[in-house]
Enquirer: 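One structure, pasted below without further comment.
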Amino acid sequence: MSTTENQPSANFIRQIITNDLTSNKHNGNVATRFPPEPNGFLHIGHAKSICLNFGIAQENQGTCNLRFDDTNPEKESAEFMKAIEKDVNWLGFKWTAVYHSSDYFEQLYDYAVQLIKKGLAYVDSLSAEEIREYRGTLTQIGKESPDRSRPIAENLTLFKKMREGDFANGDYVLRAKIDMASPNINMRDPALYRIRRTHHHRTGNDWCLYPMYDYTHCISDAIEGITHSLCTLEFEDHRPLYDWVLEKIQISCRPQQIEFARLQLEYTVMSKRKLAQLVLENHVHGWDDPRMPTIAGLRRRGFTPTSIRDFCERIGITKKDAWIKIAVLESCIRDDLNENAPRAMAVIKPLRIVIENYPDEKVESLTIKNHPQKEEMGTRNVPFSKVILIEQDDFSLEPPAKFKRLIEGGEVRLRGSYVIKCEKVITDEQGKIIELRCSYDENTLGKKPEGRKVKGVIHWVSEQQSLPAELHLYEPLFTEANPEEQVNFMEVLNPKSLTIVTGARVEASLANTSARNRYQFERCAYFCVDTDSRAEKLIFNRTVSLRDTWLK
RNA sequence: UGGGCCGUCGCCAAGCGGUAAGGCACGGGGUUUUGAUCUCCGCAUACCCAGGUUCGAAUCCUGGCGGCCCAGCCA
């Protein structure tokens, strides 16, 4: 490993922070926060934000809070909060403190009263539809609500009644009094509070009045002393409002909102709404389905925290609308697993081989390295006997050019074992190959054969001692690089995103493996033990295939 | 269309007025009991386009062109 490997790459946000540190803008403090709404599971796009926020705090001896942005009780739940905490931890990050926007409901209310008293907020009785009409359009300025001139005292009374539950949903809304002619639509008297007569998973029935994101987020940041409030590009237009609120209320902290591009990964969707739809309509088996781009899905698929952090580092942080190829993610997990996953042998589609000159009842215990380059990973014993299983694809009656596996009359090396020669091909009435009769060269164990070169090496398992296993092979969830671009993203769902292989056999050493263990099944792919796997029924998930440059 | 933001290799991405880093992908050689890994080599006279400023421009200026975001009582 080179010394620069762990050096975070330069990006414009780190530059801003470096400059702020130099100018002592925040008294040398760096305080960030990761603020998910607990309305779904975290996905790899959140991982990008997590790595950025926690990473920046770590690099600068700063702090990073986990804050649940729970201002909309209709979509949020404690279950999602639990899942989010688990995922952030699993990625390897420790928050300085955990907070909730709902922790600040009382303060937020007081600040709203402040705004009303300053004549900067008013209670509006316009309906949602009317507000939309009054707002104007991109090219036309809006017009002021008749309630905009409501006297302060009346606003105060009405707002109090809103809190006390005197009104129904939608009867009134609290609005900031800014500028109905602003070219920035977010500044045309945005809603600050709306009435929601709904139970909140944390505050119960204490409130029927809930603050909006724009009003809540900046104040929450300020209360927590956040110095750099990092969010995605779609909030750029909200920054003037973020700053407006903090300027108008009585608060000294001035966090700086900085926006970066959200992650867009090919062949998947990243919006929580769409991910939830996949789960709800049973197109996948849950938020942690290994095909999902969720942290939970990637974990079950066999991804490591290291690989995901590496991915976030490799893609960088910019303001450019970028599309990341799946190959980048795959390269990250291969790098980690190549280094750290022990090797094993598994035959996906078995072809039976009888070694005619091998003693009938003999079972040899061969010692095989767990990693070809890393001695420290040790060895394991693999039984070898007269009847073995190889991959159907590793034998060919009509071999293509440069085929270096087993052919009729040809020799091949059995990985970690002997060189065998195919003496006879047994077919059924339809001509289908059902068995091979081979001979073995007893002088080739750990030695090159004498007087000839044997090029190919293939994997195998002993028929008798091997274990049956179910293999889950995954392909992208969608057939189009950008499913969101379709009129209906469901129409480009990949019908072959999951293939279940039932006839596979794995080597005996895997008998007592446990959930989440990762292996490289040599010459095939990296697999991990699924959480539903049991000793009686082994299930492996294919994390990612091996790179394959043959016939490219 | 009003406003905001963005445009450097196929895909990401450094670069911040001194003569185009790196990664992924791709092509080729070597090593190899994994067609894996590892290793070596190749891969933008060129930075959306056009003008301008400058001894010198991807970097500064002007004007175009292209893309993304905003009209929730969602976040």
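Lettering follows sequence order; numbering is per chain, from 1.
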Enquirer: A/S102: which residues meet the side-chain hydrogen bond (donor to acceptor under 3.5 Å, both in side chains) condition with it, sequence neighbours left out?
Expert: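 With sequence neighbours excluded, A/S102 shows a side-chain hydrogen bond (donor to acceptor under 3.5 Å, both in side chains) to A/D70, A/R202, given in chain and number order.
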Enquirer: OP1 or OP2 of B/rG72 less than 4.0 angstrom from a side-chain nitrogen or oxygen of A/R273, does that happen here?
Expert: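 False: A/R273 side-chain N/O out of range (4.0 Å or more) of B/rG72 OP1/OP2.
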Enquirer: Does the side chain of A/R334 get closer than 4.0 angstrom to OP1 or OP2 of B/rU37 through an N or O atom?
Expert: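 Checking B/rU37 against A/R334, no side-chain N or O comes under 4.0 Å of OP1 or OP2.
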Enquirer: Centroid separation under 6.0 Å, is that true for the rings of A/F235 and A/Y213?
Expert: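 Yes, they do, as the ring centres are separated by less than 6.0 Å.
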Enquirer: Have a look at A/Q373 and say if it touches a base, only the backbone sugar-phosphate, or nothing, with a 4.0 Å heavy-atom cut-off.
Expert: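 Base: the residue A/Q373, judged by heavy atoms under 4.0 Å, touches a nucleobase.
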Enquirer: In chain order, what residues pass the side-chain hydrogen bond (donor to acceptor under 3.5 Å, both in side chains) check against A/T367, with sequence neighbours excluded?
Expert: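 With sequence neighbours excluded, A/T367 shows a side-chain hydrogen bond (donor to acceptor under 3.5 Å, both in side chains) to A/N381, given in chain and number order.
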Enquirer: Flag as yes if A/Y213 stacks onto the base of B/rA75 (centroids under 5.5 Å, planes under 30°), otherwise no.
Expert: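 Answer is no, no stack.
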Enquirer: B/rG2 phosphate, OP1 or OP2: any side-chain N/O from A/T137 under 4.0 angstrom?
Expert: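 Looking at the OP1 and OP2 atoms of B/rG2, neither is under 4.0 Å from any side-chain N or O of A/T137.
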Enquirer: Contact class for A/K448 vs. all strands (heavy atom < 4.0 Å): base, sugar-phosphate, or nothing?
Expert: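 Here A/K448 touches the backbone only, sparing every base.
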Enquirer: With respect to the phosphate group of B/rC6, does any side-chain polar atom (N or O) of A/R262 fall under 4.0 Å of OP1 or OP2?
Expert: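 So the side chain of A/R262 is outside the cut-off, no N or O lying under 4.0 Å from OP1 or OP2 of B/rC6.
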Enquirer: Name the one of A/R415, A/E507, A/E391 that satisfies side-chain hydrogen bond (donor to acceptor under 3.5 Å, both in side chains) with A/H459?
Expert: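 Exactly one pass, corresponding to A/E391.
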Enquirer: Please tell me if A/Q15 has a side-chain N or O lying less than 4.0 Å from either OP1 or OP2 of B/rA14.
Expert: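 A/Q15 to B/rA14 OP1/OP2: no side-chain N or O under 4.0 Å.
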Enquirer: Output yes when at least one side-chain N/O atom of A/T318 is less than 4.0 Å from OP1 or OP2 of B/rA13, else no.
Expert: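 For B/rA13, OP1 or OP2 has a side-chain N or O of A/T318 closer than 4.0 Å.
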Enquirer: Would you say A/K320 places a side-chain N or O within less than 4.0 Å of OP1 or OP2 belonging to B/rU8?
Expert: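 A/K320 to B/rU8 OP1/OP2: side-chain N or O found under 4.0 Å.
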Enquirer: In whole Å, what is the span from the CD atom of A/E74 to the C1' atom of B/rC73?
Expert: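 Nearest whole value for this atom pair: 10 Å.
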Enquirer: State whether A/R132 places a side-chain N or O below 4.0 Å from either non-bridging phosphate oxygen (OP1 or OP2) of B/rG72.
Expert: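 So the side chain of A/R132 is within the cut-off, an N or O lying under 4.0 Å from OP1 or OP2 of B/rG72.
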Enquirer: Would you please confirm or rule out a distance under 4.0 Å between OP1 or OP2 of B/rC74 and any side-chain N or O of A/R196?
Expert: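 Answer yes for this pair, as a side-chain N or O of A/R196 is under 4.0 Å from OP1 or OP2.
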Enquirer: At less than 4.0 Å, is any side-chain N or O atom of A/R523 found next to OP1 or OP2 of B/rU33? Yes or no.
Expert: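 Answer is no, no contact under 4.0 Å.
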Enquirer: If you look at every strand shown and take non-hydrogen atoms under 4.0 Å, does A/G446 touch a base, only sugar-phosphate, or nothing?
Expert: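 Base, at least one base atom sits under 4.0 Å.
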Enquirer: Give, ordered by number, those residues of residues 176-188 of chain A having at least one heavy-atom distance below 4.0 Å to an atom of RNA chain B; if nothing qualifies, reply none.
Expert: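 Within this stretch, A/P183, A/I185 sit under 4.0 Å of the strand.
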